[in-house]
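Reading through the structure tokens given below for one structure.
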2 protein chains.
Amino acid sequence: MQPPTTCAAPEVQLFKALTHPTRLAILDLLRGGEQCVCHLEAQLGLRQAYLSQQLALLRAAGLIADQRVGMNVYYRVARPELFALLDTARAIVGGSPLAADPAAACPCPKCITITLPHPERNDPC
Amino acid sequence: MQPPTTCAAPEVQLFKALTHPTRLAILDLLRGGEQCVCHLEAQLGLRQAYLSQQLALLRAAGLIADQRVGMNVYYRVARPELFALLDTARAIVGGSPLAADPAAACPCPKCITITLPHPERNDPC
DNA sequence: TAAGTATATTCCATTTTTTGCATATCGTGT
DNA sequence: ACACGATATGCAAAAAATGGAATATACTTA
């Protein structure tokens, strides 16, 4: 409880969720639509448990939503305005929307079976 | 140094500067134009030293700029896009742009001499 | 039901951030 | 030069974020 001048400011929680390179990278990967965890894991080259922690944080902040399909869990951005927010932020600091490593192919069975020839963009498996 | 997938992400620094109710309140007070420190001090009801620390942080982040006029220092938002960022953030989390306490009049001589009758908006003294 | 795969959670040590206090600095007027 | 008002900075204790390891849960398939 602080003086009435320093209000609760729910935006703070939103910004806190965004103060992390990994979490920003995750959101960027979700620009192309929902992605399964294994995809994110492969593209970012991070350990599963660690990635799951960050996903849980973003989920708790209400920024992403998950949907279970068979064996996999697909995540998507819950509020599309988030992308506008990230774009504005980049316009201010002059950053680039993350160069998703095209060489890192997703090892999940879904992607392997389909064998996409030109992974130009993040395709939903 | 992290794997190439987790890039430096300068946005993180921007968001970090925004993860604080006081700093958000300061930026909101600057919506109406530049304000002297004593103004912010009075409106927010915070100790001067503490406020100055937050201002220094925002300054270091390149979000605000200061200008010395006589005895006082006036701060203004360096990147107007910041307001768009804050607006988008509020659209996501559903917050209000801070109800600046109209009862708290600025005690600095500049404001007292002018004796503004209707402080409806943040006027630059 | 049992095993296997995909994803989540909990615990913990380390590092970073926060915040209040004391004090320093800078410009102004006398 | 001196004192004063306005603002800034350094420091230390408390609080929070970070990232790793082990482990738990939830489907699916056999």
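Letters go in sequence order (proteins before strands), and every chain restarts at 1.
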Provide, to the nearest angstrom, the distance between the [atom1] atom belonging to [X] and the [atom2] atom belonging to [N].
| X | N | atom1 | atom2 | answer |
| --- | --- | --- | --- | --- |
| A/Leu40 | C/dA6 | CG | C1' | 13 Å |
| A/Leu51 | C/dA6 | CG | C1' | 12 Å |
| B/Gln35 | D/dT7 | CD | P | 12 Å |
| B/Leu18 | C/dT18 | CG | P | 12 Å |
| A/Tyr74 | C/dA8 | OH | P | 13 Å |
| B/Glu41 | D/dG5 | CD | P | 14 Å |
| A/Met71 | D/dA26 | CE | C1' | 12 Å |
| B/Leu55 | C/dT19 | CG | P | 15 Å |

Quiz prompt | Minimum side-chain heavy-atom gap B/Leu57-B/Leu63 below 4.5 Å | solution = no
Quiz item: Looking at side-chain heavy atoms only, is the closest gap between A/Glu81 and A/Leu85 below 4.5 Å?
Solution: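 Counting from C-beta outward, A/Glu81 and A/Leu85 never come under 4.5 Å.
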Quiz item: Would you say the side chain of A/Gln48 and the base of C/dA6 hold a donor-acceptor pair, judged only by whether the two atoms sit under 3.5 Å apart?
Solution: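 Per atom types, no contact qualifies.
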Could you tell me whether the phosphate oxygens of [N], OP1 or OP2, come under 4.0 Å of any side-chain nitrogen or oxygen in [X]?
| X | N | answer |
| --- | --- | --- |
| B/Arg23 | C/dT18 | yes |
| B/Tyr50 | C/dT19 | yes |
| B/Ser52 | D/dT7 | no |
| B/His20 | C/dT17 | no |
| B/Arg47 | C/dG20 | yes |

Side chain of [X] only, heavy atoms from C-beta on: which candidate in [options] is closest?
| X | options | value |
| --- | --- | --- |
| A/Tyr75 | C/dA8, C/dA6, D/dT9 | C/dA8 |
| A/Gln53 | C/dA22, D/dG20, C/dA8 | D/dG20 |
| B/Ala49 | C/dG27, C/dT7, D/dT9 | D/dT9 |

Exercise. Sequence neighbours left out, what passes side-chain contact (heavy atoms from CB on, under 4.5 Å) with A/Arg76? Give chain and number order.
Key: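 Partners of A/Arg76 under the side-chain contact (heavy atoms from CB on, under 4.5 Å) test: A/Glu34, A/Ala65, A/Gln67.
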Practice problem: Kindly write out the residues that satisfy side-chain contact (heavy atoms from CB on, under 4.5 Å) with B/Val37, not counting sequence neighbours, or none if the list is empty. | Solution: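 Here the qualifying residues are B/Leu51, B/Leu55, B/Val73, B/Tyr75.
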Exercise. Nearest-nucleotide wise, let me know which of B/Arg59 and A/Leu57 is further upstream toward the 5' end of DNA chain D.
Key: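 The residue whose closest nucleotide sits nearer the 5' end is B/Arg59.
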Quiz item: Taking the nucleotide of DNA chain C with the closest heavy atom to each, which residue, A/Asp66 or B/Lys16, is nearer the 5' end?
Solution: A/Asp66
Quiz prompt | A/Arg59 side-chain N/O to A/Ile64 backbone N/O, donor-acceptor pair under 3.5 Å | solution = no
